[in-house]
Undergrad: 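Here's a structure for you.
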Number of protein chains: 2
Amino acid sequence: MEAVARLDACTTTEPDEARVAATRDRLVTPEEAARLAELFRLLGDPTRAQLLYALLEAGELCVCDLTETVDVSDTAVSHALRLLRTAGIVASRRSGRMIYYRLADAHVRMLLDLSREHLRHG
Amino acid sequence: MEAVARLDACTTTEPDEARVAATRDRLVTPEEAARLAELFRLLGDPTRAQLLYALLEAGELCVCDLTETVDVSDTAVSHALRLLRTAGIVASRRSGRMIYYRLADAHVRMLLDLSREHLRHG
DNA sequence: TTATCATTTGAGCATCTGTTCAGGAGTTGA
DNA sequence: TCAACTCCTGAACAGATGCTCAAATGATAA
């Protein structure tokens with residue numbers, strides 16, 4: 001494993017383009033950053049966050065139960081769930097009239113869990 | 001460790017308020033969800049994400065070097081950094097004319113690292 | 001001092017977001 | 001068939017967001 005260099009010099013007083021370029025190569029690409037930002041953006045709304053943490057606890061919930069956990073209309077919940085489903089953050093299954101939502105994968109669960117721990121005793 | 005119950009019944013056809021309430025108690029509170037959402041929201045912008053991942057790699061960078069890593073003005077970078085600093089996501093130190101930014105704590109680094117791994121081979 | 005550099009601040013503005021409202025689609029049971 | 005129920009879709013709109021521009025602050029050097 002390579003030690004991380006600290007870039008001390010600003011390009012104007014001392015170009016140091018080489019180090020900046022070297023760092024840039026090991027960086028996430030702008031495209032990766034955009035995809036990561038998109039993931040975080042979807043978690044970064046109070047309503048969606050509440051829905052996700054409800055699913056983290058309950059495992060699986062239908063829309064009408066999810067609506068109980070937040071303070072917006074069922075329509076708003078549906079819109080929120082569509083965004084999360086399209087992004088692959090949650091998955092759904094129909095059973096009769098109801099549609100049950102769950103977190104899509106273990107990575108999402110880890111992310112939510114780590115963040116919650118961070119907030120509670122970080 | 002307690003098994004997670006699946007809530008099958010919608011409140012209208014069969015109230016089941018008890019199970020919903022029990023789940024709600026173990027939930028993050030709306031206030032916690034709001035704080036978590038705020039954290040994610042700040043990571044959920046392409047410019048800020050690029051800056052944060054640059055800091056994750058480089059350890060510490062001045063504003064002028066950070067400006068090189070994104071495609072916006074130095075003013076926009078400064079605005080972005082202020083938001084991150086105010087939220088305690090990054091920290092800064094002055095050295096001469098320059099101000100160096102770094103990730104504030106290990107939790108933030110873990111969060112960024114986990115997310116990146118999620119995207120790359122998730 | 002004066003000039004220059006690195007960074008910040010505040011204003012203005014176009015764009016994006018999340019909500020509600022009204023209506024539609026799919027499912028169940030009478 | 002019909003009505004009731006669960007959930008979704010599209011439109012419209014207030015409010016938030018992120019950018020640039022212009023100007024200010026703090027630090028170094030002549």
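A note on names: the letters A, B, ... follow the listed sequences, proteins ahead of strands, and every chain is numbered from 1.
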Undergrad: Under 3.5 Å, side chain of A:Arg93 to main-chain N/O of A:Ser95, donor-acceptor pair present?
TA: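 No.
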
Undergrad: Could you check how far CZ of A:Arg93 sits from C1' of D:dC7, rounded to whole Å?
TA: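 Answer to the nearest Å: 15 Å.
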
Undergrad: If you compare every side-chain N and O of A:Thr47 against the phosphate oxygens of C:dT19 (OP1, OP2), does one of them come in below 4.0 Å?
TA: yes

Undergrad: Rounding to a whole Å, what distance do you find between A:Gln50:CD and C:dT19:P?
TA: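 That distance rounds to 10 Å.
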
Undergrad: Measure from OH on A:Tyr100 to P on D:dC8 and round the result to the nearest Å.
TA: 13 Å

Undergrad: Can you tell me the distance, in whole Å, between the CG atom of A:Asp65 and the P atom of D:dC7?
TA: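 After rounding, the gap between these two atoms is 8 Å.
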
Undergrad: Taking only N and O in the side chain of B:Arg41, is any of them less than 4.0 Å away from OP1 or OP2 of D:dT17?
TA: yes

Undergrad: Closest heavy-atom contact between A:Ala37 and B:Ala49?
TA: CB-CB, 4.0 Å

Undergrad: A:Arg102: which residues meet the salt bridge (Lys or Arg N to Asp or Glu O under 4.0 Å) condition with it, sequence neighbours left out?
TA: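 Expected list: none.
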
Undergrad: Show me the protein contacts with nucleotides 28-30 of chain D, counting only N or O atoms at under 3.5 Å.
TA:
unit_1: D:dT28; atom_1: O2; unit_2: B:Arg97; atom_2: NH1; d: 3.3

Undergrad: Which residue pairs pass the salt bridge (charged side-chain N to carboxylate O under 4.0 Å, His left out) test with at least one member in residues 38-53 of chain B, sequence neighbours excluded?
TA: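 Those involving residues 38-53 of chain B are B:Glu38-B:Arg41.
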
Undergrad: Please identify each residue that fulfils side-chain contact (heavy atoms from CB on, under 4.5 Å) with B:Arg85, with sequence neighbours left out.
TA: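 Counting only residues at least two positions away or on another chain, B:Arg85 forms a side-chain contact (heavy atoms from CB on, under 4.5 Å) with B:Arg82, B:Val90, B:Ser92, B:Tyr101.
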
Undergrad: For residues B:Leu36 and A:Ser115, report the shortest heavy-atom separation together with the two atoms involved.
TA: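 The answer is CD2-O, 3.4 Å.
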
Undergrad: For DNA chain C, which residues in residues 74-84 of chain A have a heavy atom at a distance below 4.0 Å?
TA: A:Thr75, A:Ala76, A:His79

Undergrad: Indicate whether OP1 or OP2 belonging to D:dG18 is found under 4.0 Å from a side-chain N or O atom of B:Arg48.
TA: yes

Undergrad: Would you confirm whether B:Glu60, through its side chain, and B:Leu55, through its main-chain N or O, come within 3.5 Å as a donor-acceptor pair?
TA: no

Undergrad: Using the side-chain heavy atoms of B:Cys64, tell me which of these nucleotides is nearest: D:dC8, C:dT7, C:dT27.
TA: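 The nucleotide sitting nearest to the side chain is C:dT7.
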
Undergrad: Using the test side chain to side chain donor-acceptor pair (under 3.5 Å), find all partners of A:Asp71 that sit at least two apart in sequence or belong to another chain.
TA: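 Once residues adjacent in sequence are excluded, A:Asp71 has no partner under the side chain to side chain donor-acceptor pair (under 3.5 Å) criterion.
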
Undergrad: Starting from C1' on D:dC7, measure out to CE on A:Met98 and report it in whole angstrom.
TA: 11 Å

Undergrad: OP1 or OP2 of C:dA6 less than 4.0 angstrom from a side-chain nitrogen or oxygen of B:Tyr101, does that happen here?
TA: no

Undergrad: How many Å lie between CD on B:Glu38 and P on C:dT17, as a whole number?
TA: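 To the nearest whole Å, that distance equals 16 Å.
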
Undergrad: Atom CG of A:Leu51 and atom CG of A:Leu61: how far apart are they, to the nearest 0.5 Å?
TA: 9.5 Å

